[in-house]
Amino acid sequence: MSKYQTIAQAVKEGNVSNISASEGIKVYPHSLSESGNVKLVMIKDNQTKYILAVGEGPLFDELQGSVEGGVKACPLTHENRLVINKYFDYTVPRAFGTQIATIGLGDRLGIASPGHIKTVRGRNVRPILAQQSIRELNLTGRDYKQVVDAACFAAFQEGYKDGFGADGDHLKVEADIELALGLGFTMLTLDCSEYIDNSIEGLSAAEQAAKYAALPEDVRKHYESRYLNQEFTIAGTSVTFDQETLAKNVLIYGPAIDFMEHIYNKYIKTADREIDFEISIDETATPTAPESHFLVAKELYARGLTIYSMAPRFIGEFQKGIDYIGDIEQFEKELIIHAGIADDFGYKLSIHSGSDKFSVFPIIGKHTKGRFHVKTAGTNWLEAVRTVAKVNPGLYRRMHQHALEHFEEATAYYHVTTDLSKIAPLDQVADADLADTYMNEDNARQLIHITYGILLQAKDAEGKSLFKDEFYSTLSDQEEAFEQSLISHIGKHLDLLGK
Ligand SMILES: O=C(O)[C@@H](O)[C@H](O)[C@H](O)C(=O)CO
């Protein structure tokens with residue numbers, strides 16, 4: 001007799017909605033699925049999730065798990081995820097193209113996607129549930145298989161059939177691109193920052209002219225024949241590239257454009273499926289001038305590329321986990337041009353470090369005409385921390401203190417202007433006030449945001465995790481609270497974006 005016999009019987013009858021959680025077992029009713037004579041449902045037994053399978057047929061046989069009383073309890077392994085993908089196509093990541101708004105929902109923990117699905121369901125936006133950069137994988141110790149597994153199982157758990165994407169984010173080298181494509185990623189964000197030479201900006205006009213003159217003649221003639229002293233209308237604004245402006249842009253962006261063309265021709269054009277190809281030129285030392293964005297776009301399309309989205313670096317500060325910092329009026333003026341360029345070429349404008357940029361979301365939604373890609377990641381981690389701070393103050397205090405002690409180390413990975421002196425001392429904050437005091441204050445948000453890797457990988461002298469195990473255990477017990485926190489916080493993002 002299986003311990004899951006009651007649930008299995010309800011599954012066979014096709015009605016699990018009235019099964020109450022018992023003996024630490026939770027049933028996810030939206031996961032009830034069938035293929036042939038096999039029915040499935042996802043459960044959580046204490047803190048471990050399984051897919052229960054009943055019936056007879058290839059699906060039952062192909063899933064790996066332990067069988068008792070005719071019920072197979074299948075762990076959420078990579079192998080079982082591939083079986084679920086084979087029989088339920090809505091659990092497979094997909095590309096979306098340029099005509100619908102998408103939101104990147106980077107989940108550094110692998111447990112946020114059910115809450116993300118509950119947030120986007122019914123809205124005119126589609127989620128990129130599996131979105132992690134190599135930087136995040138290195139800091140969390142996860143891999144791309146785990147990232148996609150978590151998203152696929154979440155779609156199964158929630159019975160989410162509107163589609164979700166998987167973004168290999170900020171990829172810089174071909175090995176990572178090949179890895180992501182091989183694992184079924186449907187979006188690639190090509191990070192071109194290593195090929196963008198911002199030091200050019202600091203040279204004198206004479207020094208720039210000398211460097212430009214040293215370029216191969218065919219390169220100079222290529223750009224001069226296309227752009228020199230020609231007037232272009234960009235989103236209603238007139239732009240002319242004189243010799244100095246053209247030379248500067250070719251020096252800064254020329255190698256990056258060649259890199260974009262190489263990757264597109266080698267991997268995107270030849271792919272056996274639709275790939276949403278994003279160009280990221282946002283992680284650079286200086287903002288992307290609108291005319292530079294235009295030159296990159298014009299050159300790419302002249303070379304036969306078509307892209308899904310482009311992420312320029314906007315003026316002002318898009319720092320991690322906090323609102324926009326800068327002159328919103330000037331930001332809007334340039335945003336109109338950036339959005340107009342994207343519109344003219346038919347791709348979407350992508351907003352990186354989109355977490356919590358509440359003051360500029362309305363104008364982003366307006367000027368992109370609701371066709372945007374906004375990326376978040378850190379804010380989802382912070383909602384998990386907020387949840388823990390509310391129910392496990394002792395754990396939060398230990399994490400907060402560890403973050404303070406290792407903050408400088410974390411600034412090697414992310415640019416922030418955090419002022420630690422403005423963060424309230426732990427001993428002056430009551431347990432009940434931890435979440436509001438720290439998760440609603442910019443400096444504390446950034447302290448916890450950029451130390452995520454340090455906190456998740458911290459170990460004691462015996463090699464036992466200092467925080468990670470208890471952190472995940474707390475969140476498993478607080479699954480609904482974490483989901484509600486995401487629904488509220490990411491919901492606020494989408495409301496202000498007009499979605
Ligand atoms: O932290 C990272 O590496 C990513 O989340 C990266 O910042 C991402 O492209 C992003 O912009 C999330 O808001």
Side-chain angles (χ1 to χ4, degrees), residues 102-110 112-113 116 125 127-144 147 150-151 165-173 176-177 180 185 187-194 276-284 287-288 308-314 316-325 348-358 360-361 364 372-385 409-416 418 445-457 486 489-490 492-494 497:
T102 43
I103 182 167
L105 294 163
D107 173 13
R108 294 168 178 163
L109 297 167
S113 291
H116 287 148
V125 65
I128 310 301
L129 297 175
Q131 170 207 293
Q132 288 287 271
S133 66
I134 299 299
R135 170 171 55 186
E136 286 169 307
L137 296 185
N138 291 336
L139 288 171
T140 57
R142 296 174 71 216
D143 62 38
Y144 268 157
V147 170
D167 177 13
D169 192 17
H170 281 291
L171 302 182
K172 296 181 178 180
V173 299
D176 291 337
I177 292 170
F185 276 76
M187 177 176 173
L188 291 184
T189 298
L190 184 65
D191 184 325
C192 307
S193 55
E194 312 266 315
D276 290 334
F277 185 48
E278 174 165 302
I279 298 292
S280 155
I281 52 176
D282 67 297
E283 297 229 354
T284 55
T288 312
Y308 162 79
S309 53
M310 177 103 72
R313 180 180 163 178
F314 300 101
E317 294 266 0
F318 271 69
Q319 285 193 21
K320 297 302 177 187
I322 63 172
D323 204 339
Y324 177 73
I325 299 171
K348 295 195 293 192
L349 200 57
S350 179
I351 318 295
H352 280 216
S353 301
S355 296
D356 299 75
K357 303 301 178 288
F358 301 121
V360 293
F361 280 150
I364 289 169
F372 54 73
H373 182 60
V374 168
K375 283 198 188 187
T376 71
T379 205
N380 303 301
W381 149 254
L382 291 175
E383 288 312 302
V385 175
E409 187 184 326
T411 57
Y413 304 110
Y414 294 98
H415 165 68
V416 289
T418 312
R445 286 180 65 81
Q446 291 197 321
L447 164 71
I448 301 298
H449 175 296
I450 70 168
T451 54
Y452 67 90
I454 290 165
L455 292 169
L456 289 171
Q457 302 238 45
L486 289 170
H489 198 69
I490 299 301
K492 181 180 175 184
H493 285 62
L494 293 172
L497 282 162

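Treat the numbers as computed from the prediction; the structure is a model and nothing was measured. Computation of the quantities below employed the complete heavy-atom set of this structure, encompassing side-chain atoms and omitting hydrogens, waters and symmetry-equivalent molecules. Atoms within a ligand are numbered from 1 in the order they appear, just like the ligands themselves.
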- Message: Could you identify the single nearest non-hydrogen protein atom to atom 8 (C) of ligand 1 and state the distance to 0.1 Å?
- Response: Asp169 OD2, 3.1 Å
- Item | Per-atom contacts of ligand 1 with His352, taking only distances under 4.0 Å to non-hydrogen atoms | 9 (O), 11 (O)
- Message: Counting non-hydrogen protein atoms only, what is the nearest one to atom 11 (O) of ligand 1? Give residue, atom name and distance.
- Response: Ser353 N, 2.7 Å
- Task: Could you tell me whether Arg108 approaches ligand 1 through its side chain, its backbone, both or neither, with non-hydrogen atoms closer than 4.0 Å?
- Result: side chain
- Message: Any nitrogen or oxygen of Gln131, side chain or backbone, less than 3.5 Å from one on ligand 1?
- Response: no
- Task: Report, as yes or no, whether the 6.0 Å neighbourhood of atom CZ on Phe358 holds more than 12 heavy atoms from other residues, nucleotides or ligands.
- Result: yes
- Measure up the Phe361 and His493 rings against each other and bin them: parallel (under 30°), tilted (30 to 60°), perpendicular (over 60°). tilted
- Note on the structure: A student checking ligand 1 against Ala377 at a 4.0 Å heavy-atom cut-off should list atoms 5 (O), 12 (C), 13 (O)
- Message: Tell me if the centroids of the rings in Phe314 and His352 come within less than 6.0 Å of each other.
- Response: no
- Query: What residue and atom, counting heavy atoms only, is the protein's closest point to atom 1 (O) of ligand 1, and at what distance?
  - Reply: Tyr414 OH, 2.6 Å
- atom 5 (O) of ligand 1 [closest protein heavy-atom partner, distance rounded to 0.1 Å]: Glu136 OE2, 2.9 Å
- Task: Evaluate the criterion salt bridge (charged side-chain N to carboxylate O under 4.0 Å, His left out) for residue pair Arg135 and Glu283; output intermediate values, then yes/no.
- Result: CA-CA 13 Å; Arg135 170 171 55 186; Glu283 297 229 354; 3.0 Å; yes
- Within the distance-only criterion (no hydrogens, no angle test), does the side chain of Gln131 pair as donor or acceptor with the backbone N or O of Thr376 below 3.5 angstrom? yes
- Pull out every atom of ligand 1 sitting under 4.0 Å from any heavy atom of Thr376, numbered as shown with elements. 12 (C), 13 (O)
- Have Glu317 and His415 got a donor and an acceptor in their side chains that come within less than 3.5 Å? yes
- Message: Within the 4.0 Å heavy-atom shell around Ser133, which atoms of ligand 1 are there?
- Response: 2 (C), 3 (O), 4 (C)
- Query: Will you find, in the side chains of His489 and Asn380, an N or O donor that is under 3.5 Å from an N or O acceptor?
  - Reply: no
- Message: So, applying side chain to side chain contact (heavy atoms under 4.5 Å, CB included) with Lys375, which one of Ile103, Asp167, Ile351 is it?
- Response: Asp167
- min-distance protein heavy atom vs atom 7 (O) of ligand 1 -> Lys320 NZ, 2.5 Å
- Task: List every atom of ligand 1 that sits less than 4.0 Å from any heavy atom of Gly354, numbering the atoms from 1 in the order shown and giving each element.
- Result: 13 (O)
